[in-house]
Undergrad: 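There's a structure below that I have some questions on.
By convention in this document, chain letters (A, B, ...) are assigned in the order of the sequence lines, proteins followed by strands, and residues within each chain are numbered from 1. Nothing here was measured: the structure is a model prediction, and the numbers come from that model.
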Amino acid sequence: MLEKNYNPKEFEEKIYEKWENNGDFKPDMKSDKDAFSIVIPPPNVTGVLHMGHALDNTLQDILIRYNRMLGKKVLWQPGTDHAGIATQMVVERNLAKEGLTRHDLGREKFIERVWEWKKQSGGTICRQLRRLGASCDWSRERFTMDEGLSHAVRKIFVSLYKDGLIYKAKKLVNWDPALETAVSDLEVVQKETLGKMYYYKYPLKDNQNEFIHIATTRPETMFGDTAVAVSKDNKKLSHLIGKTCIIPIINREIPIIADDHADPEKGTGAVKITPAHDFNDFEVGKRHNLPMINILNPNATLNENTPYNGMTTQEARVKTIDELTRLGLMEKIEDHPMVIPYGDRSGVVIEPYMTDQWFVDAPKLAVEARRAVNDKEMVFVPQAYEKTYFEWMNNIQPWCISRQLWWGHQMPIWYGPDETIFCEETEEKAQEAADKHYGKHVDLRRETDVLDTWFSSGLWAFSTLGWPENTEALKTFYPTSVLVTGFDIIFFWVARMMMMSMYMMKRVPFKKCYIHGLVRDEQGRKMSKSKGNTVDPMETIEKYGADALRFFMAASETQGRDINLSDSRIQGYRNFATKLWNASRFCEMNECYSVKDFDISSVKLEINKWIIAKVNEATKEVTDNLNNYRFSDAANAVYQFVWGTFCDWYIELIKPIFYGDNSQEITETRAAAAYVLDRILVILHPFMPFVTTELWNNLATRNVDLIKAPWPQADRVNENDKNEIDWAIDFIGAVRSLRSSMNLPAGAKLHAFVKDVNPESLTIINKQNKLICNLARLEELSLLADKPISKDMVQTVSRDAVILIPLKGIVDFDAERSRLQKELDTLNKNLEGYARKLSNESFVAKAPAAVVEEEKRRQSEALENKEKVEAALARIANF
RNA sequence: GGGUGCUUAGCUCAGCUGGAAGAGCAUCUCGUUUACACCGAGAGGGUCGGGAGUUCGAACCUCUCAGCGCCUACCA
């Protein structure tokens with residue numbers, strides 16, 4: 001027996017455990033159908049589940065469960081990302097509590113600590129995903145630092161290096177002075193800030209009373225200046241080109257050069273060139289072969305190349321300005337809105353910094369990645385995102401992959417005594433190559449840098465399946481079917497996966513890429529810890545159950561748009577689960593158990609034919625929408641059917657049958673109701689796996705677990721099966737509406753008459769008399785024949801029937817007149833429209849025949865209605 | 001600067017290839033009917049941001065104006 005109340009906490013976790021212990025998430029390799037696979041966007045091992053994960057993984061789980069029920073070989077490959085910077089920061093913070101830094105431990109011991117941390121606290125997010133109901137094959141769980149995945153990283157690195165697609169270069173890179181590592185362009189966030197523009201002047205060497213005027217936002221970088229640039233088109237200043245000026249304070253001479261980078265319109269028209277600390281200046285420096293002077297230490301304090309060795313840039317700035325003022329060279333300081341780069345992890349100001357770094361030749365790898373999308377080997381859903389993808393791929397820059405961290409994949413690079421590079425998968429092979437190269441044994445030094453986390457994430461689609469081994473999993477599941485992820489990660493991840501996969505596998509990593517939006521708060525603001533507007537999905541699950549949260553995500557997911565979290569909606573979907581629960585209890589109480597080989601063509605009762613037709617319509621709708629990744633349409637189709645059709649109408653309509661004594665009718669209706677409930681549980685399962693399973697386990701008689709129940713083909717049904725009951729429903733609605741507008745008490749049993757009704761409809765009235773009376777709360781429903789209307793009757797019109805109800809007491813005929821008049825007005829307005837259209841020759845000539853026919857049908861229907869309403873009005877004209 | 005998206009009922013949003021404006025929540029009225037008050041019945045509420053065009057027909061296509069947002073580059 002089902003519990004009286006729907007209480008998800010009672011069963012959700014138990015059901016999940018059972019699935020997992022049964023191995024229900026493992027692919028059915030014996031299936032003769034296609035493979036379907038998804039690799040999870042690996043959450044950071046340090047992560048906890050947020051609403052974005054809840055959305056992303058709900059969508060994946062819906063696709064996975066749907067395809068599993070389709071009978072395919074289905075794999076949802078789970079795992080986590082080692083998240084270099086994030087994880088290192090967590091462990092360093094823990095060390096700090098013990099008063100230690102990573103340097104106190106040394107690299108090896110520190111990495112041990114990270115692994116220890118991972119073992120103890122790294123599983124949180126995977127546990128949370130289970131709570132959400134994610135049916136990943138956890139027996140295949142991977143971690144980007146696993147031995148297998150590390151092997152893949154080394155292999156592809158060596159291959160790229162040997163193909164000349166990875167190279168080392170001394171370049172200006174984004175440097176994070178807090179973490180003391182290079183970061184990629186994508187890891188830098190630009191923030192609007194109100195800064196200052198400083199105007200001052202450099203004396204000329206030849207005549208120290210003559211000056212060149214400079215404007216800069218960063219005066220302290222002047223110690224790294226190696227030129228001042230002026231545009232040769234700058235009439236006011238071009239005479240200075242070729243002369244030499246002097247950097248004050250340090251009195252170093254630098255040339256004044258001609259370069260178009262100096263825009264005569266901006267600033268003073270003359271630009272100080274600091275090639276080692278500014279990306280534009282770096283380019284100018286390269287063009288003019290200027291020296292590059294590094295003035296910063298790795299922690300962004302000024303170094304010995306400046307007079308302010310050891311000061312922070314801020315301190316040095318103040319000092320520089322003071323000194324310039326003292327020398328009488330400072331001219332003015334103005335407020336200046338500007339954009340300053342910050343590290344997205346550390347939150348500190350990023351410095352352009354000259355270092356040796358490793359780069360992937362992304363522009364070359366992008367060629368194939370671009371082509372694959374162009375040729376539709378990989379398709380974005382919604383397709384518009386391919387524009388974003390192309391935009392990025394067309395402007396792609398070399399990818400800086402080296403990080404000066406300890407936690408990550410150490411690069412497979414060894415240096416010989418003369419700095420010759422040996423790139424091999426293992427130290428042994430490197431040693432071998434080196435010994436051969438030098439003709440004797442030499443000691444090698446390994447590169448200490450580790451790889452950008454996204455390097456290993458880029459291999460995720462095939463490395464998790466066992467590559468470089470040619471495993472069964474790789475053969476079966478690669479390329480994967482679809483990747484589901486947020487638009488914010490297209491560049492970070494999708495693009496890198498495409499590049500890496502096309503390079504190594506010569507095939508796309510996934511055939512489709514479904515992109516969804518962000519989950520925002522109720523007001524549509526981005527959720528963030530600092531704003532304090534985050535909602536913990538685990539709390540929501542605790543409160544309403546995982547199914548309610550999942551259904552919310554699915555029902556809210558319309559392509560290409562962000563989702564605003566809404567507690568009232570989630571609550572509404574909890575109510576939906578309750579509704580289903582109670583409907584199931586109704587079925588259970590009335591012994592609706594599914595009948596083996598239930599033959600829908602043998603069904604006799606109209607009401608059962610009707611619900612069978614409707615549930616098959618719903619099945620088709622859900623199926624079509626899932627096939628097209630239209631999650632909200634799919635979810636809403638089940639919702640509407642379950643609540644609006646099955647509960648609100650069918651259950652109410654069959655109650656008289658169950659409370660009656662026609663055993664044949666009862667038997668058929670029990671079987672039909674069970675058939676429909678069975679179908680509901682199946683098509684709802686991908687969205688609400690827990691409650692459907694709990695109900696299935698209690699009610700279903702089919703000898704199959706719901707998680708593997710075959711997805712139904714929509715059964716063929718006769719369109720006419722719906723007509724009779726649809727007519728009755730409209731009729732009931734009209735009576736109810738009349739009662740309500742006349743303020744008739746619900747308890748009052750009434751006698752209703754019909755008049756002017758078509759013969760077919762009269763048949764329905766006779767056949768479904770009990771059913772209509774029951775739901776319309778009528779004592780009796782009969783034909784008025786040709787008797788005249790009496791003064792105590794109210795009237796209304798439903799389709800072709802005029803409904804009349806005699807009332808005890810006085811009818812407010814003025815109210816009735818105005819109600820009928822309003823109806824007549826609407827009809828007249830519609831009729832005008834139909835007439836206008838149908839008398840329009842071009843409409844009749846050019847519109848499709850079906851559209852014209854439909855318009856005619858509506859017209860005649862409205863005409864018929866109009867006559868009835870007019871007749872009704874005429875009857876009460878003198879009352 | 002370049003790219004891209006949005007503007008539909010009080011609120012949050014659907015509306016897929018152009019063919020009579022929808023949902024949920026909120027509001028109002030009625031109802032403790034034997035699955036369910038986490039409920040039922042009924043009702044009100046929109047000239048689909050403004051303007052122009054294409055079309056027999058536009059919330060949907062084109063142009064334009066206004067407002068909001070996101071991504072991206074640059075700003076000495």
Undergrad: Encode nucleotides 1-7 of chain B as B, S and - characters from 5' to 3', where the letter depends on protein heavy atoms closer than 4.0 Å: B to the base, S only to sugar-phosphate, - to neither.
TA: ---S-SS
Undergrad: What's A/Thr558 touching, base or sugar-phosphate or nothing? Going by heavy atoms closer than 4.0 Å.
TA: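 Touches sugar-phosphate only.
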Undergrad: Checking contacts here: which listed nucleotide (B/G19, B/C16, B/C36) is nearest the side-chain heavy atoms of A/Lys579?
TA: B/C36
Undergrad: Counting any heavy atom closer than 4.0 Å, what does A/Lys272 reach on the DNA or RNA strands: base, sugar-phosphate only, or nothing?
TA: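 A/Lys272: no heavy atom of the nucleic acid under 4.0 Å.
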Undergrad: Scan A/Pro337 against the nucleic acid and name what it touches under 4.0 Å (heavy atoms): base, sugar-phosphate only, or nothing.
TA: nothing
Undergrad: Hey, are A/Tyr6 and A/Asn582 close enough side-chain-wise for a donor-acceptor pair under 3.5 Å?
TA: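 A/Asn582 vs A/Tyr6: no donor-acceptor pair found between side chains.
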Undergrad: Taking any heavy-atom pair under 4.0 Å as a contact, classify A/Asn830: base, sugar-phosphate, or nothing.
TA: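 The residue A/Asn830 makes no contact with any strand.
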Undergrad: NA contact type, A/Arg574, heavy-atom cut-off 4.0 Å: base, sugar-phosphate, or nothing?
TA: base
Undergrad: Under 4.0 angstrom, heavy atoms only, what part of the nucleic acid is A/Thr217 near: base, sugar-phosphate, or nothing?
TA: sugar-phosphate
Undergrad: Could you say whether A/Ser632 or A/Glu854 is positioned toward the 5' end of RNA chain B, judged by the nucleotide with the nearest heavy atom to each?
TA: A/Ser632
Undergrad: Between A/Lys846 and A/Glu841, does at least one N-O distance fall below 4.0 Å, as a salt bridge requires?
TA: no
Undergrad: Would you indicate which nucleotide in B/C71, B/G42, B/C39 comes nearest to any side-chain atom of A/Ser737?
TA: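 Ranking B/C71, B/G42, B/C39 by closest atom to the A/Ser737 side chain puts B/G42 first.
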Undergrad: In terms of side-chain heavy atoms, does A/Tyr202 have a donor or acceptor partner in A/Asp225 at a distance below 3.5 Å?
TA: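 Short answer, yes.
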Undergrad: For RNA chain B, produce a single dot-bracket line, 5' to 3'. Pairs: Watson-Crick or G-U wobble, both distances under 3.5 Å. Symbols: ( ) within strand, [ ] crossing, | other strand, . unpaired.
TA: (((((((..((((.....[..)))).(((((.......))))).....(((((..]....))))))))))))....
Undergrad: Using a cut-off of 4.0 Å on non-hydrogen atoms, how would the nucleic acid contact of A/Trp643 be classed: base, sugar-phosphate, or nothing?
TA: sugar-phosphate
